[in-house]
Amino acid sequence: MPDTYSVMDMGFHEPGIAAAAGAHGSGHPLPGSDAAPVSVKDLTERATGPADVSVRLVAAAGRVTIGTGITVPGITLNGSSPGPVIRATQDDVVEVTLVNESVPGGTTLHWHGLDVPNAEDGVAGVTQDAVHAGESHTYRFVARQAGTYWYHSHQVSHEQVRKGLLGAIVVAPKAAPAAASATVAGAATSDVLALSHTYSGRRTINGRVGEQHVDARPGDRVRVRVVNTDAGVAPVWVSGTAYVLAAVDGTDVNAPTPVSGRAVVVPAGGRADLVVEVPASGGARVQMSGVSMVLGPPGSTAPAASRPKKDVDLLTYGSPAALSFDPGKPDRTFAYSIGRKPGFVKGRPGVHWSINGKLWPNIPMFTVAEGDVVRMEILNRSNETHPMHLHGHHVLVLSRDGKAATGSPWWTDSLEVPVGARFEVAFVADNPGIWMDHCHNLPHAREGLVAHLAYEGLTTPYRVGGTTPNEPE
């Protein structure tokens, strides 16, 4: 590859398998097309007027405190890591100004799980230039989706996220949600964040090691918003009482039921909202490997329990609900097959990640038209698990290993695809842009496990590498 290049020049155009009737086109304009491309730079938020939520985040290289007398090297936002929780109400206009005080190599902010306009996606070299030391950049979007999300750097992301350039986003619904369960959950009476991140080999919750306590009275229903910011899965479970899995990746579960003796496997980048009713006998313990959170009156505790042998199966959990589109009538069908193959990536020989049998940079540009119903098969033929993340969209899981989904509609933006697994997912192409579609084990993305979803007729003025330099992974 040259020192600088456009992602539009990488790999090959992949129009997918178009339906016999109703397909919208054959992909983005190829060389020689008469169509004038639209720049992603113009795909900004249309809402005007003053922001409802304004936040200033100052990024700085330094040290992060993760416990009494325990500091590690990292990157802070407004002096801490994780950075401040951004809180909004559904349909609020959110404006965030990122100031790079001292992060070498530049940085950005990506709004993981929020389907923002493409110009606000925060991917260096694709939707913006990196923000270098002494510079600032303002993002503006409408928080249209209630739920739990997070933000993180997408410039040299495999390093900057690990060092702590991240934070949580909580978007409250306009109206109080319906009861999550008539027997256990109901509408939550309190709301807490449990952001998991590993600093220098030590797992934390909300940036602190060990056990944390949240004051709650017996009978209180606490919504625990679990965010996994690490590269691997983060199983979470509850001891001392049952719980309800109320939401996955920002989308409420339809008709969830009480869970006991099972863990929720939260993929890298994923989120899970648990509603826990504090028992009359004392506290309840929300556990992850090496850290926990006790919910109960001051001084209360709850016994620790080992990780359950069984997990909640999102393919069958909850009850079906009506969909806003028909995934059985796709306009485009794609395959995203992950494997390993000997060759060279960035000049390095080895056995590297492949997509549809091709090595980076000869990777597919999945091309759609606005309004397409898209169906995609994701197949993991490699020897490691992969948490797959498509920017700008949520996908609906249709099946796993040939078994159709029968529970609540499983909408996700961070899908764990184990070794040998095959998923079928679908979504509506309703957010024009050039979007990364990559493994959120970020070192894997750095090693070439990244493709793009592009809407036809679009292009980007930004470039990877060069004097900027933009390095999204």
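If you read the sequence from its start, that first residue is 1, and numbering goes on from there. What you see is a predicted model, and the numbers here were worked out from it, not measured in a lab.
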Do [X] and [Y] come close enough that some side-chain heavy atom pair is under 4.5 Å?
X	Y	value
V85	V170	yes
S196	V226	no
E447	V345	no
R262	D311	no

Intermediate values then yes/no, salt bridge (Lys or Arg N to Asp or Glu O under 4.0 Å), R144 and E45: CA-CA 12 Å; R144 293 183 171 88; E45 182 55 63; 3.1 Å; yes

Answer yes if the ring centres of [X] and [Y] are under 6.0 angstrom apart, and no otherwise.
X	Y	answer
H394	W411	no
H391	H110	yes
H112	H440	yes
F427	F325	no
W111	F141	yes
H438	H452	no
H154	H152	yes

R56 atom CZ: more than 12 heavy-atom contacts under 6.0 Å: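 12 or below, so no.
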
Neighbour count above 12 (heavy atom, 6.0 Å) for R63 CZ: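 Count over threshold, so yes.
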
N/O donor-acceptor pair under 3.5 Å between R208 side chain and T65 backbone: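 Present.
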
Audit row: H393, W435, ring pair (Phe, Tyr, Trp, His ring centres under 6.0 Å) steps and yes/no: CA-CA 9 Å; H393 304 75; W435 303 99; 5.7 Å; yes

Nearest-0.5 Å distance that lies between atom [atom1] in [X] and atom [atom2] in [Y]:
X	Y	atom1	atom2	answer
S157	M436	OG	CE	7.0 Å
L379	N356	CG	CG	9.5 Å
L98	S136	CG	OG	8.0 Å
S289	W237	OG	CH2	6.0 Å
I355	D437	CD1	CG	8.0 Å
F334	I378	CZ	CD1	12.5 Å

Indicate whether any N or O donor in one side chain lies under 3.5 Å from an N or O acceptor in the other, for [X] and [Y].
X	Y	answer
T138	T97	yes
E120	T127	no
H197	T204	no
D129	N470	yes
Y139	Q128	yes
S81	Y199	yes
Q160	S153	yes
T107	N100	no
H444	E384	yes
T108	Q155	no

Name the atoms and distances for all side-chain donor-acceptor pairs under 3.5 Å in residues 395-404, with sequence neighbours left out.
{"from": "S399", "atom 1": "OG", "to": "E424", "atom 2": "OE1", "distance (Å)": "2.9"}
{"from": "R400", "atom 1": "NH1", "to": "D313", "atom 2": "OD1", "distance (Å)": "3.0"}
{"from": "R400", "atom 1": "NH2", "to": "D313", "atom 2": "OD1", "distance (Å)": "3.3"}
{"from": "R400", "atom 1": "NH2", "to": "D313", "atom 2": "OD2", "distance (Å)": "3.0"}
{"from": "D401", "atom 1": "OD1", "to": "R422", "atom 2": "N", "distance (Å)": "2.8"}

For R271, the option from T412, D413, N228 that meets side-chain hydrogen bond (donor to acceptor under 3.5 Å, both in side chains): D413

Partner of Y151 under side-chain contact (heavy atoms from CB on, under 4.5 Å), chosen from L57, L114, L165, V96: L57

Sole candidate of D52, I169, V53, V116 that passes side-chain contact (heavy atoms from CB on, under 4.5 Å) when paired with V94: V53

Tell me the closest heavy-atom pair linking [X] and [Y], and the distance in Å.
X	Y	result
S39	P461	OG-CD, 3.3 Å
S354	K341	CB-CB, 4.2 Å
T460	S6	CG2-OG, 3.9 Å
L458	P432	CD1-C, 3.9 Å

Salt bridge (Lys or Arg N to Asp or Glu O under 4.0 Å) evaluation trace for K346 with D3: CA-CA 11 Å; K346 297 181 180 178; D3 291 339; over 6 Å; no

Ring-face cation contact, W353 with R340, 6.0 Å cut, 45° max: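 So R340 does make the cation-pi contact.
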
From CA spacing to verdict: side-chain contact (heavy atoms from CB on, under 4.5 Å), V126, D121: CA-CA 9 Å; V126 181; D121 196 42; over 6 Å; no

